[in-house]
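Below, read A as the first sequence line, B as the second, and so on, with proteins coming before strands; counting in each chain starts at 1. Source: prediction; values computed, not measured.
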Amino acid sequence: MLDIRFVRENPEKVKEALKKRGYEVDFNEFLELEQSRLTLLKEIESKRALRNSVSQEIAKIKAKDGKIDEALIAQMRNLSNELKLLDERLKEIEQKVESFLLFIPNIPHHTVPLGKDENDNVEVRRWGKPPKFDFEPMPHWQIGEILDIIDFERAGKIAGSRFAVMKGLGAKLERALINFMIDLHVSKGYREVLPPFLVNKEAMIGTGQLPKFEEDLFKVSDPEFYLIPTAEVPVTNLHKDEILSEDDLPIYYVSYTPCFRREAGSYGKDVRGLIRQHQFNKVELVKFVKPEDSYDELESLTKDAEEVLQRLGLHYRVVSLCTGDLGFAASKTYDIEVWIPTQGRYREISSCSNFEDFQARRANIRFRRRGKKGTEYVHTLNGSGLAIGRTVVAILENYQQKDGSVVIPEALRAYVGVDIIR
RNA sequence: GGAGAGGUGGCCGAGUGGUUUAAGGCGGCGGUCUUGAAAACCGCUGUAGGGUUUAAUCCCUACCGGGGGUUCGAAUCCCUCCCUCUCCGCCA
C-alpha cells in the first residue's frame, strides 16, 4: 500500500510512476473522497471534543451534589445521535479510500528498466555454460517416467492435472534439495522457519495477494482459510502489527513450504511436466531490513539464491524485470532463470524482490531507531532459494546421460545417497 | 466436542460507569553522584490521525483482542466474533 498522505499530496508523481507499469489510474475520485473525508473528520472531531468536555462538566456537577440540567442532557443526546450518523458516513468514505489504495500497485524503483512486458526485461549476468549433448536430450517428464521417479498419470487419478507424484529416488531428490538449500542458507545466517500452510485473509492482504488476486488462490471455507501460494505470506506476516527494535534488524528467514496456486488463466501453458503445478515445493528467503539497506540487501539476497545454482552446477542468467513485468507489490525484482536444454531457453527458477515499505505498511510492520522518537516502516524482501520442482526439472534435463540415467550433482550426493539415478 | 478462566502501553501488571489526561513496576533515554562503571536518587518516556507555530512547541480526536449496542459519559455494563490458557473427552 502506498502512503495515503503521499498520494494525496503528489497524485501526479504517483500517476506518472504507475504509467511506467502500464497502469492508468484516475485519481480524481480518490482526491474528492480524501477531501470530504478530511472535512468530515474535522467536523466529527470537534463535535466529539464538545461531547467529551460537557460530559466532564456533568461529572463534576454530579460529584458536587449538583443537579443536572435535563435540557443539557437532551441536547447532548441529540449531539450523540448526530455523531452516530456522521460516523457511519465517515466509515463509508474511509472504506472507499482504503480499498482504492489496496488496489494500487507499488511504485517501481528508478533503476528498474522501462518496458512493456517480459521481452523488455534486461539481462544482468550469466553464470556457467549450457551442457553439450552428443545425443538428443529428453524432456524431464520423459526421463521421470522412464526412471519411474515421477508419475503424472496416477497424480491425475487422485487429484487432477497439474499435479505430480514423486516416487523412489525422485521423492528422495525432492527431499534432498529441500534439505540442501535450507542447510546452505542457514549457514549464511538465515533462520529456519516452518510456518502454517493455511493463513487467514489478513495475512493475504498484508503481502498483497488480496484483495486483488483472489482468483489465483485456493481457499477453504468453514472455517475460512487460504492455502499459501508462497512462504512469503506466512513468513512476512510473522511480524505483522509489531514494532521491532533497530537492534533486531536485519532479520533473515529461510522457509520451506509447499505452495498452492490456482493457475487460473494459464490454460494451455506448460501443460506437461513439473514446470507449472497446482502444488509445488519451494525454499523461500525473507528479509526484514532498514530502509537505507534494502537495495544492498536485494543484491545479496539474489546472490544467495544464485549460489544454490552455482553449487548445483546449473547454467543460469539473472534478469532485471522491466516496469511492465513487475509484480504488484514489488519495487524491483531480479528473476533468476535456469537453462532448460529441451526448451532451448531459460526458465524462471527464482524471483527476488524488494517491496520497500509496501508490504510493511499493509501488514503494519515497523521499527524504532535507537534514541529516536516515533516509528518507521521496515523494508521487506523475499526471493525463492529456490523453487524445488523446477530445480528437479533442471537437474534431470541438464544432467541426463545417453543411457537415460541422471547424474546427481556433486554437492547433492550426500543428501540423495547415490551418485546417479538409473 | 463439553466445562471454566482470561486478552490492558515495548514488557509485566492494577483498574467493574465520571480527578484514569490508563496506578505501580520493568525496560529505555537524560541528569546528579563517581577516576570510570555499578548501585542509589531525580526527571522524561505509547501509537496513529487531524489542526497549529518560522521552529522547538501547543491543541484536538481515536486506540485497553475485533465488531456492534446501552449511556450525557464505557477499559469498566450488554450482545457477538476471534484468540490464549486450564480441566475432561477424542485424536496424529
Side-chain angles (χ1 to χ4, degrees), chain A residues 1-9 30-102 194-206 210 220-226 234 237-249 251 288 290 357 360-378:
Chain A
M1 192 155 65
L2 301 178
D3 179 14
I4 187 165
R5 203 159 13 178
F6 182 78
V7 178
R8 188 204 302 154
E9 285 162 13
F30 165 79
L31 291 171
E32 273 170 37
L33 277 170
E34 259 302 87
Q35 193 53 251
S36 53
R37 184 179 74 86
L38 291 179
T39 309
L40 192 54
L41 190 65
K42 268 180 245 177
E43 186 185 350
I44 285 176
E45 287 193 345
S46 67
K47 284 193 166 143
R48 275 208 275 246
L50 175 64
R51 185 185 66 182
N52 288 348
S53 66
V54 172
S55 287
Q56 215 149 5
E57 288 303 312
I58 292 172
K60 274 182 198 159
I61 294 167
K62 243 187 173 173
K64 285 186 196 162
D65 79 307
K67 284 199 176 136
I68 311 298
D69 183 359
E70 272 307 316
L72 185 66
I73 298 276
Q75 206 179 320
M76 285 300 106
R77 191 176 298 141
N78 283 339
L79 182 67
S80 256
N81 289 335
E82 198 184 339
L83 267 170
K84 218 168 275 180
L85 292 175
L86 293 175
D87 276 333
E88 270 172 47
R89 228 165 77 202
L90 180 66
K91 200 177 269 180
E92 245 173 72
I93 295 174
E94 278 174 343
Q95 260 165 18
K96 281 186 192 164
V97 168
E98 167 96 352
S99 90
F100 174 84
L101 287 175
L102 282 175
L194 186 64
F197 305 153
L198 298 179
V199 299
N200 58 34
K201 193 179 203 162
E202 287 67 39
M204 286 293 185
I205 290 172
L210 288 179
V220 297
S221 51
D222 200 25
E224 188 176 286
F225 286 111
Y226 291 88
N237 281 287
L238 231 40
H239 295 293
K240 182 174 162 62
D241 293 323
E242 289 185 19
I243 300 174
L244 303 163
S245 125
E246 180 175 16
D247 302 334
D248 296 334
L249 301 175
I251 297 173
F288 301 79
K290 289 194 258 182
D357 62 7
R361 189 171 281 112
R362 286 176 164 242
N364 192 30
I365 307 170
R366 294 168 293 170
F367 77 104
R368 215 188 301 272
R369 288 189 198 270
R370 278 204 157 285
K372 273 206 176 174
K373 260 185 95 76
T375 61
E376 289 175 53
Y377 289 108
V378 302

- Here the distance between atom P of B:rG10 and atom CD1 of A:I365, to the nearest Å, is 16 Å

- B:rC33 to B:rA37 separation - C1' atoms, rounded to the nearest Å: 12 Å

- Item | side-chain contact (heavy atoms from CB on, under 4.5 Å) assessment of A:R369 paired with A:K290 | CA-CA 10 Å; A:R369 288 189 198 270; A:K290 289 194 258 182; 3.7 Å; yes

Pair up each side-chain donor or acceptor in residues 32-43 of chain A with any protein partner under 3.5 Å, not counting sequence neighbours, and list the distances.
from  : atom 1 : to    : atom 2 : distance (Å)
A:E34 : OE1    : A:R37 : NE     : 2.5
A:E34 : OE1    : A:R37 : NH2    : 3.2
A:E34 : OE2    : A:R8  : NE     : 2.8
A:E34 : OE2    : A:R8  : NH2    : 3.2
A:E34 : OE2    : A:R37 : NH2    : 3.3
A:S36 : OG     : A:E32 : O      : 3.2
A:S36 : OG     : A:L33 : O      : 3.0
A:T39 : OG1    : A:Q35 : O      : 2.9
A:E43 : OE2    : A:K47 : NZ     : 3.2

- Task: Determine the interatomic distance between C1' on B:rC90 and the same-named atom on B:rA22; round to the nearest Å.
- Result: 44 Å

- Item | Distance in angstrom units between A:R48 CZ and B:rU61 P, rounded | 9 Å

- Note on the structure: Assign each of A:S53 and A:I58 the nucleotide of RNA chain B bearing its closest heavy atom; nearer the 5' end lies the nucleotide of A:S53

- Query: Would you say A:K240 has more than 12 foreign heavy atoms packed within less than 6.0 Å of its NZ?
  - Reply: yes

- Query: By ring pair (Phe, Tyr, Trp, His ring centres under 6.0 Å), which residues pair with A:F100, not counting sequence neighbours?
  - Reply: A:F27, A:F30

- Query: Mind checking the P distance from B:rA62 to B:rU76? Whole angstroms is fine.
  - Reply: 14 Å

- Considering only atom C1', compute the distance from B:rC82 to B:rG27 and round it to an integer number of Å. 30 Å

- Message: What is the separation between atom CG on A:D247 and atom C1' on B:rG28, rounded to the nearest whole Å?
- Response: 11 Å

- Message: Rounding to an integer number of angstrom, what distance separates B:rA23 and B:rA5 when you compare their C1' atoms?
- Response: 24 Å

- Item | Interatomic distance, A:L85 atom CG to A:I44 atom CD1 [nearest 0.5 angstrom] | 10.0 Å

- Identify, between A:I73 and A:A49, the residue whose nearest nucleotide on RNA chain B lies closer to the 5' end. A:A49

- Considering only heavy atoms from C-beta outward, does the side chain of A:R362 approach that of A:L102 to under 4.5 Å? yes

- Task: Pick the C1' atom in B:rA14 and in B:rG6, then give their distance to the nearest Å.
- Result: 15 Å

- Query: How does RNA chain B look in dot-bracket notation if pairs are Watson-Crick or G-U with both distances under 3.5 Å, crossing ones as [ ], other-strand ones as |?
  - Reply: ((((((((.[[[..)..(.....]]]((((((.......))))))((((((......)))))).[[[[[..)....]]]]])))))))....

- A:D248 CG to B:rC11 C1', straight-line distance once rounded to whole Å: 13 Å

- Message: Do A:R48 and A:L86 have side chains that approach each other closer than 4.5 Å (heavy atoms only, starting at C-beta)?
- Response: no

- Is A:K84 touching bases, backbone alone, or none of the nucleic acid, heavy atoms closer than 4.0 Å? sugar-phosphate

- Task: Go along nucleotides 43-53 of chain B 5' to 3' and tag each nucleotide: B for a protein heavy atom under 4.0 Å from its base, S when only backbone or sugar atoms are that close, - otherwise.
- Result: ---SSSBSS--

- Pairwise C1' distance for B:rC11 and B:rU19, with rounding to whole Å: 28 Å

- Residues that A:D3 engages under salt bridge (Lys or Arg N to Asp or Glu O under 4.0 Å), provided they are two or more places apart: none

- Task: Check the distance between B:rC63's C1' and A:D87's CG and give it to me in whole angstrom.
- Result: 14 Å

- Message: Which residues pass the salt bridge (Lys or Arg N to Asp or Glu O under 4.0 Å) test with A:E224, not counting sequence neighbours?
- Response: A:K219

- Message: Quick check: do A:N364 and A:Y377 have side-chain heavy atoms less than 4.5 Å from each other?
- Response: yes

Sequence neighbours left out, cut at 3.5 Å: what donor-acceptor pairs do the side chains of residues 74-81 of chain A make with other protein atoms?
from  : atom 1 : to    : atom 2 : distance (Å)
A:N81 : ND2    : A:R77 : O      : 3.4

- Whole angstrom value for the distance that separates C1' of B:rU21 from CD of A:Q56: 8 Å

- Starting at atom CD1 of A:I61, determine the distance to atom P of B:rU19, rounded to an integer number of angstrom. 15 Å

Tabulate atom names and distances for all N/O pairs under 3.5 angstrom spanning the protein and nucleotides 73-76 of chain B.
from   : atom 1 : to    : atom 2 : distance (Å)
B:rG73 : OP1    : A:S80 : OG     : 2.5
B:rG73 : O4'    : A:S55 : OG     : 3.0

- For B:rC44 and B:rC58, measure between their P atoms and round to the nearest Å. 13 Å

- Item | Residues that A:R361 engages under salt bridge (Lys or Arg N to Asp or Glu O under 4.0 Å), provided they are two or more places apart | A:D357

- Could you list the residues that satisfy salt bridge (Lys or Arg N to Asp or Glu O under 4.0 Å) with A:R51, not counting sequence neighbours? none

- Whole angstrom is fine here: how far is it from CD in A:E202 over to C1' in B:rC82? 10 Å

- Under the side-chain contact (heavy atoms from CB on, under 4.5 Å) test, residues paired with A:E242 that sit two or more places apart: A:H239, A:L244

- Item | Flag side-chain contact, heavy atom, 4.5 Å: A:V199 against A:N237 | no

Short heteroatom pairs, N/O only, protein and nucleotides 78-81 of chain B, under 3.5 Å:
none

